[in-house]
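Quick notes on the structure that follows.
We use all heavy atoms of the structure for the numbers below, so side chains are in, but hydrogens, waters and symmetry mates are not.
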Amino acid sequence: MSKLQSFLDELTDAELVSFYNYRYEQFMKSSKVKIDSELIKRGIQKEDFDHYRVDILANTEERCPQCGSQKFYNSKEIETVTYSVASIDLEVDYKTCLICLYSEDKSENRETHRRVGVFGFIRALFYQKKK
């Protein structure tokens with residue numbers, strides 16, 4: 001059994017629908033066939049996708065705000081903080097949804113780390129040295 005098939009087997013119907021909506025186009029043709037056959041195996045038709053939407057507003061704690069899944073992974077990425085002609089690379093931990101790849105932390109940090117003022121740059125340098 002392939003890793004993709006094992007992953008698909010572990011998804012709830014709602015997560016499978018979200019996975020299809022957010023990530024289907026990223027896969028190669030052979031993987032798309034596996035995803036399509038999993039939908040068929042479960043009797044889920046594309047016309048019925050709206051019936052599988054998770055009520056995200058009802059319980060947002062420990063759920064992805066975009067797709068409602070509770071499946072996450074942590075990743076470390078390098079963010080660059082720039083001030084005038086100087087820049088510094090910081091290693092940042094992100095909690096990312098396994099189903100739709102949404103990361104609230106990443107969305108917030110992208111805005112913060114683009115360009116900073118003098119104090120923000122000094123704060124980033126201090127944060128870098130603490131590690």
Side-chain angles (χ1 to χ4, degrees):
M1 184 181 296
S2 70
K3 287 183 181 182
L4 176 60
Q5 188 60 53
S6 297
F7 174 73
L8 294 173
D9 290 341
E10 293 177 9
L11 299 179
T12 65
D13 289 349
E15 289 173 334
L16 179 60
V17 169
S18 291
F19 183 74
Y20 181 91
N21 285 332
Y22 289 105
R23 297 185 53 196
Y24 182 80
E25 294 303 321
Q26 299 171 359
F27 286 92
M28 294 172 35
K29 190 174 184 176
S30 60
S31 296
K32 288 180 180 181
V33 169
K34 290 181 183 181
I35 296 168
D36 289 334
S37 64
E38 184 67 24
L39 287 168
I40 292 168
K41 182 174 100 177
R42 295 187 190 198
I44 301 172
Q45 296 181 5
K46 294 174 186 159
E47 300 83 37
D48 300 330
F49 276 11
D50 288 338
H51 298 291
Y52 292 96
R53 292 191 191 260
V54 175
D55 186 6
I56 297 168
L57 297 176
N59 182 12
T60 56
E61 193 167 326
E62 296 302 316
R63 288 188 178 269
C64 173
Q66 184 165 287
C67 73
S69 174
Q70 293 178 303
K71 291 180 171 65
F72 294 96
Y73 69 94
N74 291 319
S75 63
K76 291 184 183 218
E77 294 185 22
I78 304 297
E79 289 287 332
T80 303
V81 179
T82 305
Y83 174 71
S84 296
V85 294
S87 65
I88 185 171
D89 290 333
L90 298 174
E91 189 175 89
V92 183
D93 291 324
Y94 290 117
K95 181 179 176 183
T96 305
C97 177
L98 193 57
I99 304 303
C100 67
L101 300 179
Y102 176 79
S103 175
E104 190 170 4
D105 299 335
K106 191 179 286 187
S107 298
E108 292 169 1
N109 281 340
R110 292 266 187 245
E111 295 301 317
T112 308
H113 286 166
R114 281 190 192 152
R115 285 189 106 38
V116 297
V118 176
F119 293 113
F121 188 76
I122 292 170
R123 189 176 314 120
L125 282 171
F126 179 70
Y127 177 76
Q128 175 75 14
K129 293 190 190 279
K130 279 178 88 174
K131 285 187 166 187

What residues, two or more places apart in sequence or in another chain, satisfy side-chain hydrogen bond (donor to acceptor under 3.5 Å, both in side chains) together with Lys3? none
Which pair of non-hydrogen atoms, one from [X] and one from [Y], has the smallest distance, and what is that distance?
X	Y	answer
Lys71	Glu10	NZ-O, 3.6 Å
Ile99	Arg23	O-CD, 2.7 Å
Leu8	Arg42	O-NH2, 2.7 Å

I want to check something: taking the side chain as every heavy atom from C-beta on, are [X] and [Y] in contact at a cut-off of under 4.5 Å?
X	Y	result
Cys97	Ser69	yes
Phe49	Leu16	no
Lys41	Glu38	yes

If you measure from CD1 on Ile35 to CG on Leu11, what distance do you get to the nearest 0.5 Å?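 With rounding to 0.5 Å, CD1 (Ile35) is 9.5 Å from CG (Leu11).
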Gap between atom CD of Gln70 and atom SG of Cys64 - 0.5 Å precision: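 Output value for this atom pair is 11.0 Å.
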Would you say Val33 ends up clustered with Tyr20 if hydrophobic residues are merged whenever their side chains have heavy atoms under 4.5 Å apart, either directly or through other cluster members? no
Using modelled atom types only, decide if a donor and an acceptor are shared between the side chain of Thr96 and the backbone of Tyr102 within a distance under 3.5 Å.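 Such a contact is absent between Thr96 side chain and Tyr102 backbone.
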Listed by chain and number, what are the ring pair (Phe, Tyr, Trp, His ring centres under 6.0 Å) partners of Tyr22, not counting sequence neighbours?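 Once residues adjacent in sequence are excluded, Tyr22 has no partner under the ring pair (Phe, Tyr, Trp, His ring centres under 6.0 Å) criterion.
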Please enumerate all residues that pass ring pair (Phe, Tyr, Trp, His ring centres under 6.0 Å) together with Phe7, with sequence neighbours excluded.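 By the ring pair (Phe, Tyr, Trp, His ring centres under 6.0 Å) rule, Phe7 matches Phe19.
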List the residues meeting salt bridge (Lys or Arg N to Asp or Glu O under 4.0 Å) with Asp48, not counting sequence neighbours, and say none if there are none. none
For Thr12, check side-chain contact (heavy atoms from CB on, under 4.5 Å) against everything at least two apart and list the hits.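 Per chain and number, Thr12 pairs via side-chain contact (heavy atoms from CB on, under 4.5 Å) with Ala14, Glu15.
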Could you list the residues that satisfy side-chain contact (heavy atoms from CB on, under 4.5 Å) with Ser2, not counting sequence neighbours? Leu4, Gln5, Lys34
